[in-house]
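Worksheet for the structure shown next.
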There are 2 protein chains.
Amino acid sequence: MTDTDTNSWRGVQSELLRRINEKEWPAGSLVPNEVDLAEEFGCARTTVNRAMRELADAGLLVRRRKAGTRVATHPASRVVLDIPIIRLEVEQRNAEWRQSLIEKTACVPPVRITSRLGLDPDAQMLHVRSLHFADNHPFLHEDRWMNIAALPGVERVDFSAVSSNEWLIENAPYTTGDIAFSAMNADAALADLLEAPLGAAIFVVDRITWDKDIPITSVRLSYAPGYRMNTKI
Amino acid sequence: MTDTDTNSWRGVQSELLRRINEKEWPAGSLVPNEVDLAEEFGCARTTVNRAMRELADAGLLVRRRKAGTRVATHPASRVVLDIPIIRLEVEQRNAEWRQSLIEKTACVPPVRITSRLGLDPDAQMLHVRSLHFADNHPFLHEDRWMNIAALPGVERVDFSAVSSNEWLIENAPYTTGDIAFSAMNADAALADLLEAPLGAAIFVVDRITWDKDIPITSVRLSYAPGYRMNTKI
DNA sequence: AAGTGGTCTAGACCACGAC
DNA sequence: TCGTGGTCTAGACCACTTA
């Protein structure tokens, strides 16, 4: 049951990892098949399969039926980011969260929004903008467009009581989405809201979500200067 | 073998997903155990286990022995980022990659580097800075410190021929690391290198890697303005 | 045609941890 | 204590893809 027992999947995995790291199996080389490895390690093929499957998921091995398994030549490191509810992110920093609703209007969005969502350019969407605070300091600006047709009752929600961020997570499951991270200089409006100098470097998250091809929402989060998004490999 | 056959693990998983999304199983509620679900779906417990394990890995379910499995209350969406070799990232954009080595010196790093790595503040490290280009336009600035003691022969490597980014991936396996993403305004030196206006918003990736408690490298990647890091959920 | 990984089964034992 | 998930087994059939 430890990492060095080669009859547990973790043990097999760490032995495989060792061979890859120490170049016993060089990058690009063909490694033995599951049946042979199972025999070598004295375990069932299922056990070897689990160990290898996870290494393939992590990008360290490349597996193809009939062709066999090879050590990946350019193991792109894979980073997992957890993106929590904004309120929880603030509270995890031991700060008090509050938000202030800036705008909530039903209107026709700019074409850059409808075109990316694949919606009729004349369709009305709900535009909600709000400012999130951490201990009364501006934390981020949330600029969101919501698909009214896909979110029944959304027009009657009081987004000054519940953030649209949180309401959507609880009420609108999504199946797929795109996320982009970038940096931009604060324009006058954003600088004013975030109490930052004009032109300050702002960390920006753009996110679009769909529920089985139905567009749900498009949002831009603009963080106050100094924000860092951290994670471990 | 399709997503709707409840005797394949994908089929079971999509049915479980449906029940979670449609609140048939509300957030926080206890869901049936593996044996009961296997009976309901007419499949082996192993199959149910695989489906549920992956949902737990994705953060949608919380599993505990004896206590059973519950629907997660705050499903933080989990984003996976692939961070490739810089050369490949440029080439994937159908651009020609090249780099120019700016500096390669062995010297004592600033305290902010040694302290974060947990190294002796007087230890020499190898400082390598280089500029990566895409089609002869500056793409990013790589500012790296390498632990000489942990990387035998690193002082003799010609980093004008191989980028330190690529050399490390091929020669220095790591076990853990920290990554941080942020935005900063370009100072005069960086603006000059990246051919950007002074103060331009720069997307920054800071990364530190260890190999079993031995610090390997600390690097800051500063991308030219306009860079976006994209991924799917 | 044949080798390889992908998956399912039925059963088993065990570790954890709530009670 | 004992229910639950975690894991392993031995065997089987199948899907994919290369030779």
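Everything numeric here is computed off the predicted structure, so don't read it as measured data.
The side chain of A:R65 lies closest to C:dT4 when the candidates are D:dC13, C:dT4, D:dG6. Residue B:K66 has its side chain nearest to D:dC2 when only D:dC2, D:dT17, D:dA10 are considered. Considering only side-chain atoms of B:E34, the nucleotide from D:dG6, C:dA2, D:dA10 that sits closest is D:dG6. Listed nucleotides: D:dT9, D:dG6, C:dG6. Nearest to the side chain of A:N49: C:dG6. When the nucleotides C:dA10, D:dT7, D:dA10 are ranked by their closest atom to the side chain of A:T46, D:dA10 comes out on top.
The residue among B:G68 and B:R53 whose nearest nucleotide of DNA chain D lies closer to the 5′ end is B:G68. Residue-to-nucleotide proximity on DNA chain C shows that, of B:A67 and B:A44, the 5′-proximal contact is made by B:A44. Looking at which nucleotide of DNA chain D each of B:N33 and A:R45 is closest to, the 5′-most match is held by B:N33.
Within 6.0 Å of CZ in A:R18 there are more than 12 heavy atoms belonging to other residues, nucleotides or ligands. Atom CD of A:E170 has more than 12 heavy atoms from other residues, nucleotides or ligands within 6.0 Å. The environment of CG in B:D158 is crowded: more than 12 heavy-atom neighbours from other residues, nucleotides or ligands sit within 6.0 Å. For A:R19, the CZ atom counts as densely surrounded, since its 6.0 Å shell holds more than 12 non-hydrogen atoms of other residues, nucleotides or ligands.
A straight line from CZ of B:R64 to C1' of C:dA15 spans 15 Å, rounded to a whole angstrom. Separating the CG atom of B:D57 from the C1' atom of D:dG5 is a distance of 13 Å, rounded to the nearest angstrom. One can place CG of A:L30 at 13 Å from C1' of D:dT18, the figure rounded to the nearest angstrom. Taking atom CZ of residue A:R70 and atom C1' of nucleotide D:dT18, one finds them 12 Å apart after rounding to whole Å. Look at CH2 on B:W9: it is 23 Å from P on D:dC13, rounded to the nearest Å. Distance CZ (B:F41) to P (C:dA10): 16 Å, rounded to an integer number of Å. In this structure, CD of A:Q13 is placed 11 Å from P of D:dT7, rounded to the nearest angstrom. Rounded to whole angstrom, the span from the CG atom of A:L37 across to the P atom of D:dT9 amounts to 14 Å.
When the side-chain nitrogen and oxygen atoms of B:R10 are compared with OP1 and OP2 of C:dT7, one or more of them lie within a distance under 4.0 Å. At least one side-chain nitrogen or oxygen of A:R63 sits closer than 4.0 Å to the OP1 or OP2 atom of C:dG6.
Taking the side chain as every heavy atom from C-beta outward, B:M52 and B:L16 approach each other to under 4.5 Å.
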